[in-house]
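Accompanying notes for the structure given below.
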Protein chains: 2
Amino acid sequence: MNILEKITNELDMLSKSERKVAEVILASPNTVIHSSIAALAKQANISEPTVNRFCRRLDTKGYPDFKLHLAQSLANGTPYVNRHVDENDSADEYTSKIFESSMASLELARKSLDANDINRCVDVLTQANKISFFGLGASAIVAHDAQNKFFRFNVPVVYFDDILMQRMSAINSRQGDVVVVISHTGRTKSLVEVASLAKENDATVIGITTTGTPLAKECSIVLSVDVSEDTDLYMPMSSRIAQLALIDVLATGFTLRRGSKFRDNLKKVKDSLRSSRFERKD
Amino acid sequence: MNILEKITNELDMLSKSERKVAEVILASPNTVIHSSIAALAKQANISEPTVNRFCRRLDTKGYPDFKLHLAQSLANGTPYVNRHVDENDSADEYTSKIFESSMASLELARKSLDANDINRCVDVLTQANKISFFGLGASAIVAHDAQNKFFRFNVPVVYFDDILMQRMSAINSRQGDVVVVISHTGRTKSLVEVASLAKENDATVIGITTTGTPLAKECSIVLSVDVSEDTDLYMPMSSRIAQLALIDVLATGFTLRRGSKFRDNLKKVKDSLRSSRFERKD
DNA sequence: AGAAAAAATGAAATTTTATTTCATAAAATA
DNA sequence: TATTTTATGAAATAAAATTTCATTTTTTCT
């Protein structure tokens with residue numbers, strides 16, 4: 001736990017002198033991490049042993065250890081928070097906010113993912129006869145990206161961002177096929193139907209969506225990607241970034257599962273692109 | 001700067017003994033922050049003054065100060081440097097690594113971006129007669145996403161991930177048109193040519209690429225998205241995630257610049273999608 | 001209220017830890 | 001190969017943190 005919060009919480013468990021220490025620390029923690037125990041004691045008008053006792057009361061080993069904890073708390077007070085863009089923000093401000101929100105979403109999404117589910121998906125994907133990725137709107141680009149990635153693995157893979165094609169493809173699916181349905185809201189009717197159709201036709205349906213949505217209920221395996229609401233500017237933002245990171249995870253799991261020979265092959269694919277590029281001169 | 005990265009970077013500036021210290025630290029930084037200078041010296045098989053000199057070479061005041069920096073580097077939010085996926089990683093491990101690397105890329109990318117350039121791009125985009133987004137491979141999906149976003153703004157926007165269509169479109173561009181060319185490497189021949197063609201035809205060319213690449217040289221405005229190299233085979237392209245965040249930034253800048261009436265309109269677009277969704281019951 | 005017990009506090013002593021000094025060894029340069 | 005530069009560690013010193021213990025303050029109990 002953040003030691004600054006802890007100090008605040010336990011403020012009334014402390015003795016009078018110890019509280020003086022706490023106040024000095026809370027007032028300017030950044031100074032404290034560069035102070036010796038003597039300097040801090042003087043600052044708070046108490047003795048050095050008191051500072052030491054204060055540190056121990058907060059379950060640290062002593063003053064140096066306490067400073068370590070404090071430094072860590074200050075490193076990233078509250079790491080990445082979702083900050084909403086405001087009408088009067090400067091370019092610099094909204095840029096920072098958007099990047100930080102994206103990072104916050106990645107952190108959140110990471111927490112909502114379950115390693116076991118990922119493992120199962122990788123199992124299923126490595127054994128698939130055919131893999132299809134479906135998405136609409138912002139999630140369409142995630143499906144598109146997935147196709148790009150899996151195409152390199154030399155497995156039959158398609159992606160559709162068209163309702164009719166998705167339906168047809170789902171109806172034609174069969175046992176051994178894997179259908180990956182991507183939707184942040186998990187409430188897009190046609191996608192939920194597509195998932196259900198694919199399942200009826202014995203395909204394994206993987207859902208990349210938010211926990212507990214109608215889509216999640218239709219899937220064989222659900223990869224939960226929960227991010228804070230994309231309410232900001234009326235368009236999806238961070239959800240698709242988290243979904244893309246998940247695609248990376250699946251693709252990575254895939255290559256790892258397939259073993260080293262497979263990876264040599266991948267390298268060849270990569271090298272084959274070289275001639276289309278200008279050489280680097282460094 | 002993250003002191004772990006710094007150690008890695010300056011590894012070859014260090015003397016033989018100092019390097020031993022560096023290696024011990026990189027191997028288990030979490031142990032080191034709880035070690036005394038004597039313990040660390042013993043661990044690295046060198047003397048205490050050497051540890052001290054090592055600390056000073058990294059621009060810290062001494063060993064305790066160094067530990068403070070190290071503790072901050074290890075605090076959560078600041079991803080660990082060497083987060084490459086390893087052959088024997090468990091699902092949980094590679095998932096964490098990938099998410100953390102993506103976050104690191106976002107942070108890096110934000111630092112490389114210049115608010116003035118973003119402002120200029122937003123200017124240009126809001127005044128464009130027509131906007132085209134071009135990308136290939138992984139960057140194609142970024143172009144795709146950009147089209148999705150800008151389409152909602154009710155401005156003429158196209159995206160192409162096909163070399164020929166890109167060329168034709170570039171040749172047909174004219175003054176007042178904006179062409180956004182997206183490429184992480186900035187060395188894809190056909191894209192560099194497309195940028196140059198568009199420029200010859202008086203379009204404003206915005207490049208979303210790495211600083212100092214051939215593509216960057218052809219552009220009217222360059223938005224630098226520098227991320228750590230995607231050299232590793234299993235390491236996914238975090239570049240595209242950073243590029244997407246930048247698209248969000250541009251789209252946000254666009255809506256802010258266009259004012260509140262414009263945003264009301266956007267809300268209508270969003271509401272129009274409602275009927276295609278299952279209602280939320282909460 | 002007042003005595004006894006408990007808790008808090010700081011001065012001084014001690015211990016631990018970090019830093020400096022300096023002599024020697026290793027490496028680079030001429 | 002001789003000379004200079006740089007790197008290194010042993011020992012001394014300095015700094016910082018911790019412990020001990022006597023004193024003060026607070027609390028509890030009669």
Side-chain angles (χ1 to χ4, degrees), chain A residues 3 6-74, chain B residues 3 6-74:
Chain A
I3 197 116
K6 195 168 182 175
I7 295 175
T8 319
N9 287 342
E10 301 197 4
L11 213 55
D12 31 62
M13 315 291 202
L14 299 175
S15 75
K16 202 163 49 177
S17 305
E18 284 169 354
R19 202 166 310 142
K20 282 192 207 165
V21 185
E23 275 155 19
V24 171
I25 294 167
L26 290 173
S28 56
N30 269 305
T31 317
V32 172
I33 56 170
H34 296 116
S35 309
S36 69
I37 194 167
L40 176 56
K42 198 174 170 193
Q43 182 88 18
N45 264 303
I46 44 80
S47 71
E48 302 181 24
T50 301
V51 175
N52 210 272
R53 282 186 286 260
F54 166 84
C55 296
R56 296 229 231 271
R57 196 170 308 262
L58 287 146
D59 299 317
T60 62
K61 285 182 64 189
Y63 184 65
D65 189 42
F66 169 79
K67 284 211 292 189
L68 240 46
H69 282 267
L70 189 58
Q72 295 204 321
S73 295
L74 293 172
Chain B
I3 197 118
K6 195 166 184 178
I7 295 174
T8 319
N9 287 342
E10 301 197 3
L11 212 56
D12 31 61
M13 316 292 202
L14 298 174
S15 75
K16 203 164 44 175
S17 305
E18 285 169 351
R19 202 166 311 140
K20 281 192 208 164
V21 185
E23 275 154 19
V24 171
I25 294 168
L26 289 174
S28 55
N30 269 305
T31 316
V32 172
I33 56 170
H34 297 116
S35 309
S36 69
I37 193 167
L40 176 55
K42 198 173 171 195
Q43 183 87 19
N45 264 304
I46 44 80
S47 71
E48 302 181 24
T50 301
V51 175
N52 210 272
R53 283 185 286 259
F54 167 84
C55 296
R56 297 232 230 272
R57 197 171 305 264
L58 287 146
D59 300 317
T60 63
K61 286 180 64 187
Y63 185 64
D65 188 43
F66 169 79
K67 284 210 292 188
L68 239 47
H69 281 266
L70 189 58
Q72 295 203 320
S73 295
L74 294 171

**Item:** T60(B) side chain to D65(B) backbone, donor-acceptor under 3.5 Å
**Value:** no
**Request:** Search all heavy atoms of Y63(B) against all heavy atoms of V32(B) and return the closest pair with its distance.
**Result:** OH-O, 3.7 Å
**Asked** Of all the nucleotides listed (dG10(C), dT18(D), dT8(D)), which has the minimum atom distance to the side chain of I46(A)?
**Response** dG10(C)
**Message:** Measure CZ/F54(A) against C1'/dT18(D) and give the value in whole Å, please.
**Reply:** 17 Å
**Prompt:** NZ of K20(B) versus C1' of dA7(D): gap in Å, rounded?
**Reply:** 12 Å
**Asked** To the nearest Å, how far apart are K42(A) NZ and dG10(C) C1'?
**Response** 16 Å
**Value rounded to 0.5 Å, distance of NZ in K16(B) from OG1 in T50(B)** = 12.0 Å
**Request:** Scan residues 28-40 of chain A against DNA chain C and write down, sorted by residue number, each residue with any heavy atom closer than 4.0 Å; if none is found, say none.
**Result:** none
**Prompt:** Under 3.5 Å, side chain of S73(A) to main-chain N/O of I3(A), donor-acceptor pair present?
**Reply:** yes
**Fill in**
Rounded to the nearest 0.5 Å, the CZ atom of F54(A) sits from the CD1 atom of I7(A) at a distance of 4.0 Å
**Request:** Please report, rounded to the nearest Å, how far the P atom of dT6(D) is from the CE atom of M13(B).
**Result:** 16 Å
**Request:** Grab the CG-C1' distance between D65(A) and dA17(D) for me, whole Å please.
**Result:** 13 Å
**Message:** Side chain of E48(B) only, heavy atoms from C-beta on: which candidate in dT9(C), dT19(C), dT8(D) is closest?
**Reply:** dT19(C)
**Message:** Looking at dA11(C), I'd like to know if its phosphate oxygens (OP1 or OP2) sit under 4.0 Å from a side-chain N or O belonging to S47(A).
**Reply:** no
**Request:** Kindly indicate, with the supporting measurements, whether the criterion salt bridge (Lys or Arg N to Asp or Glu O under 4.0 Å) is fulfilled by E18(B) and R57(B).
**Result:** CA-CA 9 Å; E18(B) 285 169 351; R57(B) 197 171 305 264; 2.9 Å; yes
**Fill in**
Against the side chain of P49(A), the closest entry in dA11(C), dT9(C), dT19(C) is dA11(C)
**Message:** Quick one: does any side-chain atom of S36(A) pair with a main-chain N or O of A39(A) as donor and acceptor, under 3.5 Å?
**Reply:** yes
**Prompt:** Is it true that atom CD of Q43(B) has more than 12 heavy atoms of other residues, nucleotides or ligands lying nearer than 6.0 Å?
**Reply:** no
**Message:** The side chain of K67(A) is closest to which nucleotide in this list: dT9(C), dA17(D), dG9(D)?
**Reply:** dA17(D)
**Prompt:** How long is the line joining NZ of K61(A) and C1' of dT18(D), in whole Å?
**Reply:** 13 Å
**Message:** What is the separation between atom OH on Y63(B) and atom C1' on dA17(D), rounded to the nearest whole Å?
**Reply:** 16 Å
**Message:** How long is the straight-line distance from SG of C55(A) back to CG of L40(A), given to the nearest 0.5 Å?
**Reply:** 7.5 Å
**Request:** Compare side-chain N and O positions of S17(A) against OP1 and OP2 of dT9(C) and report whether any pair is under 4.0 Å apart.
**Result:** yes
**Atom of D59(B), atom of K6(B) and distance for their closest heavy-atom approach** = OD2-NZ, 3.1 Å
**Message:** At less than 4.0 Å, is any side-chain N or O atom of T50(B) found next to OP1 or OP2 of dT8(D)? Yes or no.
**Reply:** no
**Item:** Whole angstrom value for the distance that separates C1' of dA26(C) from CD of E18(B)
**Value:** 14 Å
**Request:** Summarise how protein sits on nucleotides 22-28 of chain D as a single string, 5' to 3': B when a protein heavy atom is under 4.0 Å from the base, S for sugar-phosphate-only contact, - for no contact.
**Result:** ----S--
